[in-house]
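Because the structure is a prediction, the values reported are computed rather than measured.
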Amino acid sequence: MQNGLLVVLAATPAWILGVCLYRLYFSPLAKFPGPKLAALTGWVETYYDVYKGGQFFFKLKEWHEHYGPIVRINPWEVHISDPDAADIVFAGNSQFNKKIEWSYRFGIPQSAFDTVDHHLHKSRRAALSPFFSKQKIAGIADLIANRSQRLCDRLDNEYKHSGKPVIMDNAFTAYTFDLITAYVFARSDDYLEHPTFCGPFTTAAKSIANTVHMTGHFPWLFTFLQSLPKKWLAASNPHMGEMFTFHEAVENQVKVIKSGDNDAHKHVSHKTVFNELIHSNLPEEEKTVERLRQEGVSVVTGGIETTSTALTKTLFYILNNPAVRDRVCAELQAVFPDPRQTPPLHVLESLPYLSAVINESLRMILGFSQRIIRTSPRAPVVYKDWVIPPGAYFSMTIYFSNFDAQIWEAPHEFWPERWLEDESGRKPRARNGEPLAKYLLTFGRGPRMCVGMNLARAEMIIGLAVVLRRCNMELFETGMETVEMKSDYFIPMVDKESNGVRVIVK
Ligand code: HEM
């Protein structure tokens, strides 16, 4: 026994030395530039993300400035900072997988979003995407307009002329929450009716995000926590408590649709996603409560925070730039004479300046701040002179492309005019002469591009048009600290001291 222990003790340093030598000199990634410590151990990333709180993102920026467009950022992964590399990482015909360790971090490895294998992802996505086509979303434009008008009724009745600030982060979260739950479950929790626009799960998506580095760096953690009594979790960490309660609420939604106890889909004018999925001819193993709970959590959380943040920040940029506000309001007035009669979606979509404003804010808001990782299981991937071996991870960060000074003039300025056609009808161009739209990566690209993109755009176009048309707003003690990213928790987090984007309705 004692001898065995001695052998282990003697062998451990040799094993560690062997791993270090392999990672530094013999690994297929050894030739890639980057800090030696990061090549040696994944703990560098863990340190910046878990201990320093979502700071690895900023380290990546620093490393690229020092080492160039491709950097080895941990023993298993290279990160690329080059907008043209999106053609490789997000290639439409690619068959890349996702990183397996990350598929457990939200506890939804069976959702399309966190499905690792390309082929399984393709079939799961095929089941989901028809509900989010442009045509299907146009079919729920009235529902979106109705919720936008309801939001403004409340702003009119309870805030107008009162001098009382309203936190638009909460108001827009209520709006996106009500819409996504109505569309996918035929059920609305009516967050827009809550006195402060805050329902029980208003902060659920943020809570989920807050735990992402812990559960991402320690892939067993989510499953372990899930097995503990919820009371303990809630007492030890309110984010965890809220996250698991939210999972349970989604599971209940799936159960009541499956059992027929929720037949609200019969009384609404649109098809509801989970009712359709449950009664579709998908294989039974894809329709279990557990699988659909995971898909539900993915779609609902995907649909709330990203879009409400986009709306809130867009409103901030508009109100913070009076020239932009005046121009977009004048354009709206021409097609939207009666503020209570929302024009059809296609009319709003055809407004060039409103579209430019939305594109520009989508460029700046960053739905996802964390890098997006892929791996090619069999074939190598070539980037310039670099050959990334099969099985290695490679990644890109949307922010780096959306703010790249080689593509965007004055990238840190909110400047919607960059998106307008010139007098001859020529489409806007990037600084390198390519079409500008090609470099807007906010929704990702390729086979895993955001499935909810059309819904997000429709919610933004209609929501902003109605709010701007009906309410005369002014920012209240709100500065850049409410929109600038201070840490990356998968989604961008602003300063902890920020009170959110607050407005007065005049
Ligand atoms: C401004 C709002 C939004 C932004 C910026 C955004 C961003 C993204 C991005 C970048 C991805 C790709 C992730 C990857 O490649 O790994 C994605 C995927 C996804 N998004 Fe969104 N999203 C938004 C709104 C929505 C909405 C409203 C929904 C609701 C349906 C949604 C549901 C999803 C789902 C289910 C996926 C996974 C798709 C797949 O893997 O096939 N998102 N989103």
### Non-neighbouring partners of Y191 that pass side-chain hydrogen bond (donor to acceptor under 3.5 Å, both in side chains), sequence neighbours left out
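With sequence neighbours excluded, Y191 shows a side-chain hydrogen bond (donor to acceptor under 3.5 Å, both in side chains) to no residue whatsoever.
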### Query
Taking only residues two or more places apart in sequence, or in another chain, which ones meet T309 in a side-chain hydrogen bond (donor to acceptor under 3.5 Å, both in side chains)?
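Only E305 meet the side-chain hydrogen bond (donor to acceptor under 3.5 Å, both in side chains) criterion with T309.
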In terms of side-chain heavy atoms, does [X] have a donor or acceptor partner in [Y] at a distance below 3.5 Å?
{"X": "Q149", "Y": "T342", "value": "yes"}
{"X": "N402", "Y": "T442", "value": "yes"}
{"X": "R124", "Y": "T115", "value": "yes"}
{"X": "D488", "Y": "S369", "value": "yes"}
{"X": "N275", "Y": "H279", "value": "yes"}
{"X": "Y393", "Y": "E101", "value": "yes"}
{"X": "T272", "Y": "Y183", "value": "no"}
{"X": "N359", "Y": "R457", "value": "yes"}

### Task
Give every residue pair that meets the salt bridge (charged side-chain N to carboxylate O under 4.0 Å, His left out) criterion with at least one member in residues 359-372, sequence neighbours excluded.
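Residue pairs with at least one partner in residues 359-372: E45-R371, E77-R371, E360-R363, E360-R418.
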### All pairs passing salt bridge (charged side-chain N to carboxylate O under 4.0 Å, His left out) where residues 404-415 contributes a residue, at least two apart
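As it turns out, there is no salt bridge (charged side-chain N to carboxylate O under 4.0 Å, His left out) pair with a partner in residues 404-415 once direct neighbours are skipped.
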Any Lys/Arg nitrogen of [X] or [Y] sitting under 4.0 Å from an Asp/Glu carboxylate oxygen of the other?
{"X": "R340", "Y": "D153", "result": "yes"}
{"X": "E193", "Y": "R150", "result": "yes"}
{"X": "R445", "Y": "D87", "result": "yes"}
{"X": "R327", "Y": "E417", "result": "yes"}
{"X": "K438", "Y": "D84", "result": "yes"}
{"X": "K134", "Y": "E349", "result": "yes"}

### Message
Contact between L192 and R147 at the side-chain level, heavy atoms closer than 4.5 Å - yes or no?
### Response
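Result yes, sub-4.5 Å side-chain heavy-atom pair found.
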### Query
Any side-chain heavy-atom pair from V483 and T478 closer than 4.5 angstrom?
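In short, these two side chains do not touch, never coming nearer than 4.5 Å.
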### Query
Within 45° of the ring axis of Y159 and under 6.0 Å from its six-membered ring centre, is that where the NZ or CZ of K506 lies?
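No cation-pi geometry.
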### Task
Test the R154-F197 pair against the cation-pi criterion, namely NZ or CZ under 6.0 angstrom from the six-membered ring centroid and within 45° of the ring axis.
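Yes - R154 lies over the ring of F197, closer than 6.0 Å to its centre and within 45° of its axis.
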### Task
Classify the angle between the aromatic ring planes of F106 and F113 as parallel (below 30°), tilted (30 to 60°) or perpendicular (above 60°).
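Aromatic pair F106/F113 classed tilted.
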### Message
Going by ring-ring contact (aromatic ring centres under 6.0 Å, His included), name the residues that satisfy it together with Y489, two or more places apart in sequence or in a different chain.
### Response
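H213.
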Determine whether more than 12 heavy atoms belonging to other residues, nucleotides or ligands lie under 6.0 Å from atom [atom1] of [X].
{"X": "E497", "atom1": "CD", "result": "no"}
{"X": "L120", "atom1": "CG", "result": "yes"}
{"X": "E481", "atom1": "CD", "result": "yes"}

### F394 ring center near H79 ring center (under 6.0 Å)
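Ring centres of H79 and F394 not closer than 6.0 Å.
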### Task
Run the ring-centre check on H247 versus F222 and record whether the distance is less than 6.0 Å.
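Yes, the ring centres sit under 6.0 Å apart.
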### Query
What residues, two or more places apart in sequence or in another chain, satisfy salt bridge (Lys or Arg N to Asp or Glu O under 4.0 Å) together with E421?
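Partners of E421 under the salt bridge (Lys or Arg N to Asp or Glu O under 4.0 Å) test: K427.
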#### Entry: Evaluation steps, side-chain hydrogen bond (donor to acceptor under 3.5 Å, both in side chains), between D190 and H194
CA-CA 7 Å; D190 283 337; H194 280 253; over 6 Å; no
